[in-house]
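As a basis for the values below, the full set of heavy atoms in this structure was taken, side chains included, without hydrogen atoms, waters or symmetry mates. Letters go in sequence order (proteins before strands), and every chain restarts at 1.
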Number of protein chains: 2
Amino acid sequence: MTGPASGLYSPFVKSFTKISDSAVRRLSHYLRFLDDVEAAGRRTVSSEELAARGGITSAQVRKDLSHFGSFGKRGTGYPVTLLRERIEEILGLGRTWRVALVGAGKLGAAVFHYGGFRRQGFDLVAVLDTDPAKIGRRWGDLAIEDVADLTRIVKKRHVELAVVTTPAASAQDVVDALAGAGVEAILNFAPRKLVVPPQVTLRDVNLVMELESLTFALTHRDR
Amino acid sequence: MTGPASGLYSPFVKSFTKISDSAVRRLSHYLRFLDDVEAAGRRTVSSEELAARGGITSAQVRKDLSHFGSFGKRGTGYPVTLLRERIEEILGLGRTWRVALVGAGKLGAAVFHYGGFRRQGFDLVAVLDTDPAKIGRRWGDLAIEDVADLTRIVKKRHVELAVVTTPAASAQDVVDALAGAGVEAILNFAPRKLVVPPQVTLRDVNLVMELESLTFALTHRDR
DNA sequence: TCGTGTGAACGAATTCACAGCG
DNA sequence: CGCTGTGAATTCGTTCACACGA
């Protein structure tokens, strides 16, 4: 996909190495809005409308999208369906991703049951835990398997992406195993700073950090 | 830095309205590292060490801290305990915060059982749900209560902060009620863009968005 | 005319580099 | 000497403002 115009779905002639994190998040935003708008039967949408949600300006929307091509029509706006497809493609959602969930506790269960998961192209192919009481139990059409078999399972099922919901203490061991087995990206919910080799993309979600950013805001806002 | 030495615990003569979000997150980072270092019995720590975790430079660390005063000693580094206390104070952790949890599903349970919660000054004073089968059930020393009583409960118990783990469909109603009852900050896990009045600070955690930022990275990294 | 696409201007955040203090 | 604290330089992200095409 990255080279000069091979056919069809390859408009990415530039390398996008400099797209900021916040810009990527905004693309996710636009995507969700486009889903709504499309469901409502609208055919086109303006940058102004895309911006209306969340403190984004229309110029920002246009700039974001212009990094990836020009999808809009002057005087009209953006065609809803096309734009949705293009953003999905940009975000890498034009395919399914094989995901493993490590940690079958309450948080793992919450992730597992979370609807938007499978629907959006994420295919959960394994659930792993260390607890003998949980191993073998069925979650939907998957049986919980032993973390001891992680490497074998990841390799055999070509897991590309993992969600880690283990306790903090075991998280580093788990990501070492995941990285060793070839997993390319990890979403970590364990409240622990993890070290991963450079070829692995890691993202942390940390409840305490989020709460602290709230208490900071409350403490320092001018009243 | 901060103006002419008023006393003791009030070095905040300037308004910190311009501290960036990422800077606040880094403060949380430093705090966690300081906890470790302190537990290990160290007395001082350098900006270089504080930076070592996560792609932060030592200059960044010094700059971050310098916004709030000068806590370090040249040639020596920062005194661990003092710096920890100061960062806690900066983040608003010098007190406890009264928290309500709305949504007693799997995610709510995960948040509830999350250890680092109560330990770090967050005092959970209510758990609410709509499900009659759940209402009345005990979670630890709290009974799950009816969301219909939210306003009364929030007011009576002086809830300042709420964590929303309801399904997407009910999240907006819940935050409307929370905001109406005087809650000042909300951490939202429901996958829905929420509207809150300006005096309420809202933070979203969205699984799909996090996954999309991973698939974007995987799709566009140069191999 | 309307709204995109985009250079140019601006502003915010990070890094550099070094003076100065312990 | 070692390491902080901080202006200056730089990089990065956002907003402005308008030419241009549908």
Side-chain angles (χ1 to χ4, degrees), chain A residues 11 13-30 33-34 37 42-80 82-84 86-87 90 213 216, chain B residues 1-3 5 11 14-30 33-34 37 42-80 82-83 86-87 90 213 216:
Chain A
V13 289
K14 268 213 133 189
S15 80
F16 299 143
T17 49
K18 308 122 220 279
I19 301 300
S20 74
D21 212 73
S22 31
V24 174
R25 298 180 82 84
R26 285 195 298 271
L27 290 177
S28 291
H29 249 113
Y30 305 153
F33 182 60
L34 288 167
V37 162
R42 297 273 309 281
R43 292 312 190 82
T44 59
V45 69
S46 69
S47 58
E48 200 63 59
E49 290 172 285
L50 280 162
R53 305 233 187 151
I56 302 168
T57 66
S58 64
Q60 176 97 77
V61 173
R62 296 197 298 278
K63 187 68 98 181
D64 284 344
L65 298 178
S66 75
H67 290 127
F68 302 97
S70 40
F71 315 129
K73 291 203 201 320
R74 300 172 191 227
T76 313
Y78 300 87
V80 171
L82 176 77
L83 185 59
R84 175 185 53 72
R86 298 311 314 279
I87 293 180
I90 291 162
S213 94
F216 177 86
Chain B
M1 163 247 194
T2 27
K14 266 213 134 188
S15 78
F16 300 143
T17 48
K18 308 122 220 276
I19 301 300
S20 73
D21 211 74
S22 31
V24 175
R25 298 180 81 83
R26 286 195 297 273
L27 290 177
S28 291
H29 248 112
Y30 305 153
F33 181 61
L34 288 167
V37 161
R42 297 273 310 281
R43 292 311 190 83
T44 59
V45 69
S46 69
S47 58
E48 199 63 59
E49 291 172 285
L50 280 163
R53 308 233 187 151
I56 302 168
T57 66
S58 63
Q60 177 97 79
V61 174
R62 295 197 297 279
K63 187 69 95 180
D64 284 343
L65 298 178
S66 76
H67 289 127
F68 302 97
S70 39
F71 313 129
K73 290 204 201 317
R74 298 170 193 228
T76 314
Y78 300 88
V80 171
L82 176 76
L83 185 57
R86 298 312 312 280
I87 293 180
I90 291 161
S213 95
F216 177 86

Side-chain touch A:Tyr78/A:Arg84, heavy atoms, less than 4.5 angstrom
no
A:Arg62 CZ to C:dG7 P: how many Å, rounded?
14 Å
Can you tell me how far the CZ atom of A:Arg86 sits from the CZ atom of A:Phe71, to the nearest 0.5 Å?
4.5 Å
As an exercise, state the distance from CG of B:Leu50 to OG1 of B:Thr57, rounded to the nearest 0.5 Å.
12.0 Å
Nearest-Å distance for atom pair NZ/P, residues B:Lys18 and C:dT14
16 Å
Between the base of D:dC20 and the side chain of A:Arg74, is there a donor-acceptor distance below 3.5 Å?
yes
Between atom CZ of B:Arg62 and atom OG of B:Ser58, what is the distance when rounded to the nearest 0.5 Å?
4.5 Å
Derivation of the side chain to side chain contact (heavy atoms under 4.5 Å, CB included) call for A:Asp64 and A:Ile19:
CA-CA 9 Å; A:Asp64 284 344; A:Ile19 301 300; over 6 Å; no
Begin from the C-alpha positions of A:Val24 and A:Ile90 and carry the test side chain to side chain contact (heavy atoms under 4.5 Å, CB included) through to its verdict.
CA-CA 9 Å; A:Val24 174; A:Ile90 291 162; over 6 Å; no
Let's see if you get this right: which residues in residues 44-59 of chain A place a heavy atom under 4.0 Å from DNA chain D?
A:Thr57, A:Ala59
Would you call B:Leu83 and B:Tyr30 a side-chain contact if the rule is heavy atoms closer than 4.5 Å?
no
What is the distance, to the nearest angstrom, from the CD atom on A:Gln60 to the P atom on D:dA17?
16 Å
By salt bridge (charged side-chain N to carboxylate O under 4.0 Å, His left out), A:Glu49 pairs with (sequence neighbours left out) A:Arg42
Please report, rounded to the nearest Å, how far the C1' atom of C:dC18 is from the NZ atom of B:Lys63.
13 Å
For DNA chain D, determine which residues of residues 22-30 of chain A have any heavy atom closer than 4.0 angstrom to one of its atoms, and list them numerically.
A:Ser22, A:Arg26
d(CZ, B:Phe71; P, D:dT4) in whole Å:
14 Å
Separation of A:Asp64 atom CG from C:dT4 atom C1', in whole Å?
14 Å
Select one nucleotide: of C:dT4, C:dC18, D:dT14, the one nearest the side-chain heavy atoms of A:Ser20.
D:dT14
Between D:dT14 atom P and B:Asp21 atom CG, what is the distance in whole Å?
13 Å
Is there a side-chain contact between B:Lys63 and B:His67, using heavy atoms and a 4.5 Å cut-off?
yes
Distance in angstrom units between B:His67 NE2 and D:dG5 P, rounded
12 Å
Phosphate oxygens OP1/OP2 of D:dA22: is one of them under 4.0 Å from a side-chain N or O of A:Tyr78?
no
